[in-house]
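Below is one structure, written out as structure tokens; comments come after it.
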Amino acid sequence: MKTKNQVKLEFPSIPENVALARVIVATMLAGMDFTLTDLDDAKVAVSEAVSNAILHGYQNRPNGLVYLTITADPEGLEVIVEDYGRGIVDVAKAMEPAFSTLGDRMGMGFVFMQSFMDKVDVDSQVGRGTRVRMYKACRQAMRAVQ
Amino acid sequence: MKTKNQVKLEFPSIPENVALARVIVATMLAGMDFTLTDLDDAKVAVSEAVSNAILHGYQNRPNGLVYLTITADPEGLEVIVEDYGRGIVDVAKAMEPAFSTLGDRMGMGFVFMQSFMDKVDVDSQVGRGTRVRMYKACRQAMRAVQ
Amino acid sequence: VGEIRRFLRDDSPVKVSRSYKEIAQRIHRVRQELNGSLGREPTVQEIAGAMNMPVEDVVEALEAVQLPTSIHETLYQ
Ligand SMILES: Nc1ncnc2c1ncn2[C@@H]1O[C@H](COP(=O)(O)OP(=O)(O)O)[C@@H](O)[C@H]1O
Ligand SMILES: Nc1ncnc2c1ncn2[C@@H]1O[C@H](COP(=O)(O)OP(=O)(O)O)[C@@H](O)[C@H]1O
Ligand SMILES: [Mg+2]
Ligand SMILES: [Mg+2]
């Protein structure tokens, strides 16, 4: 990739689209300086963020819209997942390991996002929605820093 | 798929995104009542339409935006590819086999779209842009008709 | 026999397609070979290059053979 590529997606909050988000992110990463391990890691992170938008943001209602913005440049890949759902009351608390507002869940989604991506920012407003921004640096960019 | 799923995409007119469009369409078809042959056919059709938007619509300039709308329902899949590029002077002529405004091209893009999809509509205005709508019916929907 | 096999492959449901499985197995083999020769994990582009295959086909094959496992199984298998 010589220049910047920015792909924007909009899709309804149904579980089928988690797989779609994964494939799109993986395909964009595959054209860059990343390994299969990087792809697997990013796929888990994106699955978690999109699942959260559907399950928590829209409480599993199929009529919400999820927005995915993927920006690739020679340094790395940025993924933004947005929903206009219920929002998060306490983001710091929500990001703690094993915290979940649903009884039967592991509460590890944000932990996975943070361990598999180089950077994760969460912006949320109750009743407005949630925006998760994740970044993964290319292998080459990583080497340059070391 | 029980209900409708509509995915909307926006991406810049760079060749890398032809592959992305193909993978997205294939992923959506894979969850429906289609065979691998159907997937391969649809991938060719989508590649041709997106390549046309980039190559002819935006004349290979990377700063145009291509819009892809994919709608899946239990009957089949609709793919719409839109560009706001130069448009087509004579659509009927453009769709003829071996017609191309670029000397080194085969002029078979529209022919492939028509043979690999069940329906292809083209709407274009010179100086405004082009909209290609393609439809592929599911295996079951096909059998019901026969 | 080749014709029948082709027919079976092409008309089988996409998710359990034999050709995707074969490609995925080859990907893992090439990944291991390159790991040995390069002394580090190969990039997806390097794997695709060695297989003479577009990178998106590598992604697609791997995704197609992935069973719908839960996140737990994915991470702790
Ligand atoms: N998009 C979102 N909208 C509303 N709440 C969210 C969203 N994402 C996460 N949360 C909240 O943060 C909590 C922790 O998320 P996570 O770590 O993924 O664990 P889990 O999904 O297993 O509950 C969730 O239980 C939920 O309360
Ligand atoms: N999106 C588009 N914008 C402008 N012109 C187009 C577009 N798509 C097709 N055309 C015109 O139609 C012609 C035929 O297209 P096609 O059958 O795909 O053949 P080819 O791409 O090989 O020229 C092109 O040469 C071009 O003049
Ligand atoms: Mg979660
Ligand atoms: Mg063409």
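In what follows, chains carry the letters A, B, and so on, assigned in the order in which the sequence lines appear, proteins first and then strands, with residues in each chain numbered from 1. In this text, all values refer to a predicted model and were calculated from it rather than measured experimentally.
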**OP:** Identify which part of T37(A) has an atom lying under 4.5 Å from any heavy atom of chain C, answering side chain, backbone, both or neither.
**Re:** both
Original post:
How long is the gap from CD on E46(C) to CG on D33(A), to the nearest 0.5 Å?
Top reply: 8.0 Å
Original post:
Of the backbone (N, CA, C, O) and the side chain (C-beta and beyond), which part of V44(C) lies under 4.5 Å from a heavy atom of chain A, both, or neither?
Top reply: both
Original post:
Would you find more than 12 non-hydrogen atoms of other residues, nucleotides or ligands less than 6.0 Å from E33(C) atom CD?
Top reply: yes
Original post:
What closest approach, in Å, do E63(C) and R22(A) show between heavy atoms, and which atom pair accounts for it?
Top reply: OE2-NE, 3.1 Å
Original post:
Just one of I47(C), T43(C), V59(C) clears the side chain to side chain contact (heavy atoms under 4.5 Å, CB included) bar with L36(A), so which one?
Top reply: I47(C)
**OP:** Rounded to the nearest 0.5 Å, what's the gap from OG1 on T35(A) to CG on N35(C)? Could you check?
**Re:** 9.5 Å
Original post:
Is the count of non-hydrogen atoms from other residues, nucleotides or ligands lying under 6.0 Å from R31(C) atom CZ greater than 12?
Top reply: yes
Subject >> CZ/R128(A): more than 12 non-hydrogen atoms of other groups inside 6.0 Å >> reply: no
